[in-house]
Engineer: 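Sharing a structure with you now.
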Amino acid sequence: MTQQIDIKSLYPEELAEQLGAEGYPKFRAKQICDWLNKGVVEFSQMNNIPRDLREFLNTRYYISVATIEKKFVSRYDKTVKYLFSLNDGEMVEAVVMHYHHGVSMCISTQVGCKMGCTFCATGKSGFSRDLTASEMLAQIEAAQKDLSLRIANIVLMGMGEPLDNFDNVVRFIKLVSSDGGLQIGMRHITLSTCGIVPKIYELAEQKLSINLAVSLHAPNDAIRSRTMPVAKAYPMDMLLKACRDYFDSTGRRVTFEYALISGVNDSDSHARELAQKLSGMNCHVNLIPVNAVEGTAYKKSDLQRQQSFVHILTAKGIAATIRRTLGSDINASCGQLKRNHIKEGGQ
Ligand code: SAH
Ligand code: SF4
């Protein structure tokens, strides 16, 4: 038997094309997509679709779902962390956060990650496979249904490197923001990358009005390549040039993520070096006290160090803020939940 097609990763016009090629009316595609958007997970429930077409759908296609395996709710700030299982039993994490400007969800783009950043729980667990567009959508749908709310913003900051799964991620962004889809506008979507330079250029060519975040985490290549192997392939000068070019071609301001790690990248001279590298750029620096991950010796910088770092940047004209930590009681940093689940004897 030929492999079944992932129906929720198709654009409606692709489904219409495929149905047409099999002799079914193309307008059925819209009806089917409406059911899928309502969260129906069985073709047999699509009661305005003729039986023969439903049977055809059942043999030719499958519907992706994200099933909640574990759920943790923070006592402090209503942050919810999920461990989802996918159709093939693989597991990914996602987090729902309540901000003043609405509900944001951090979703995964891969099962694991190939990039191997030393401070990251996902990086330590290795890589299993890419997620399909539908599996990214399924995480949002599952959370919206479980919490009875609407997700307003999406950040691609869960497990995985989005630009290492480029085609599926772009497809997801187009599907999730489309009129017939979940209608989360591109301006409400942030893609975070560890800095795969050629892919940043490819992304710019797509002309998507999403926000780009780049994980910098160091003021120079020597420090960066100690924690982020990707820095050896794409040095900082090249990366920062790609960010400048990205702004020039899209008009979208780039955000830099900088995890403050005690004694590694958080001194005043590191802050000055960073300010110099970023000077003249239209950007924002998000400082994040690093989340301690088991098996690493990294510790977050103390409050005074954090404040000194942010002051130096802002005094030198670089917009910078310290990100509020949400869900600190539920391991809200991605990758940790899955590692604990495996240790407990889960899959
Ligand atoms: N692969 C992408 C997106 C997923 S990681 C990227 O690296 O940008 C999302 C963010 O979490 C990145 O900025 C990453 O560097 C950061 N991160 C990973 N582990 C962390 C930790 N232990 N503490 C703080 N931030 C961490
Ligand atoms: Fe991958 Fe991002 Fe983690 Fe690095 S920080 S290992 S790129 S998920």
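When a ligand or atom number is given, it counts from 1 through the structure's own listing order. Values in this document were obtained by computation on a predicted structure and should not be read as measured data.
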Engineer: With heavy-atom distances below 4.0 Å as the criterion, list the atoms of ligand 2 near Gly123.
Structural biologist: 6 (S)
Engineer: What residue and heavy atom of the protein are closest to atom 7 (S) of ligand 2, and at what distance?
Structural biologist: Met115 CB, 3.5 Å
Engineer: Does Lys277, at its NZ atom, have more than 12 non-hydrogen atoms belonging to other residues, nucleotides or ligands within less than 6.0 Å?
Structural biologist: yes
Engineer: If you count heavy atoms of other groups shown closer than 6.0 angstrom to CD of Gln206, is the number above 12?
Structural biologist: yes
Engineer: Is Ala259 close to ligand 1, meaning an N/O of one under 3.5 Å from an N/O of the other?
Structural biologist: no
Engineer: For His217, take its heavy atoms, then give the atoms of ligand 1 lying under 4.0 Å from any of them.
Structural biologist: 13 (O), 14 (C), 15 (O)
Engineer: Looking at ligand 1, does Gly158 have a heavy atom less than 4.0 Å from it?
Structural biologist: yes
Engineer: Using a 4.0 Å cut-off to any heavy atom of Cys194, which atoms of ligand 1 qualify?
Structural biologist: 6 (C), 7 (O), 8 (O)
Engineer: Quick check on contacts: which atoms of ligand 1 are under 4.0 angstrom from a heavy atom of Thr193?
Structural biologist: 6 (C), 8 (O)
Engineer: Taking distance alone, with no angle check, do Phe119 and ligand 1 share an N/O pair under 3.5 Å?
Structural biologist: yes
Engineer: Decide whether Tyr82 and Asp146 meet the rule of one side-chain donor and one side-chain acceptor closer than 3.5 Å.
Structural biologist: yes
Engineer: Using a distance-only test with no angle check, is there a side-chain donor-acceptor pair under 3.5 angstrom linking Asn47 and Trp35?
Structural biologist: no
Engineer: Between Ser125, Cys117, Gly195, which one has a non-hydrogen atom sitting closest to atom 5 (S) of ligand 2?
Structural biologist: Cys117
Engineer: Quick check: do Val264 and Tyr298 have side-chain heavy atoms less than 4.5 Å from each other?
Structural biologist: yes
Engineer: Which ligand 1 atoms does Glu257 reach within 4.0 Å, using its non-hydrogen atoms?
Structural biologist: 13 (O)
Engineer: Between the side chains of His188 and Asn153, does any donor sit under 3.5 Å from an acceptor?
Structural biologist: yes
Engineer: Mind checking whether atom 1 (Fe) of ligand 2 has an N, O or S of Cys120 under 2.8 Å?
Structural biologist: no
Engineer: Quick check: Glu161 and ligand 1, any N/O pair under 3.5 Å apart?
Structural biologist: yes
Engineer: Have a look at Phe172 and tell me which of Ile107, Leu131, Asn165 forms a side chain to side chain contact (heavy atoms under 4.5 Å, CB included) with it.
Structural biologist: Ile107
Engineer: I'd like to know whether NZ of Lys241 has more than 12 heavy-atom contacts from other residues, nucleotides or ligands below 6.0 angstrom.
Structural biologist: no
Engineer: Should you measure from each heavy atom of Val293, which atoms of ligand 1 turn up under 4.0 Å away?
Structural biologist: 22 (N)
Engineer: Parallel under 30°, tilted from 30 to 60°, perpendicular over 60°: which one fits the rings of His217 and Phe119?
Structural biologist: perpendicular
Engineer: Heavy atoms only: which of Gly160, Ser108, Cys113 is nearest to atom 1 (N) of ligand 1?
Structural biologist: Gly160
Engineer: Please determine, by modelled atom types, if Arg187 and Asn211 share a side-chain donor-acceptor pair under 3.5 angstrom.
Structural biologist: no
Engineer: Which residue from Gly126, Cys113, Cys194, Gly160 reaches closest to atom 1 (Fe) of ligand 2 through any of its heavy atoms?
Structural biologist: Cys113
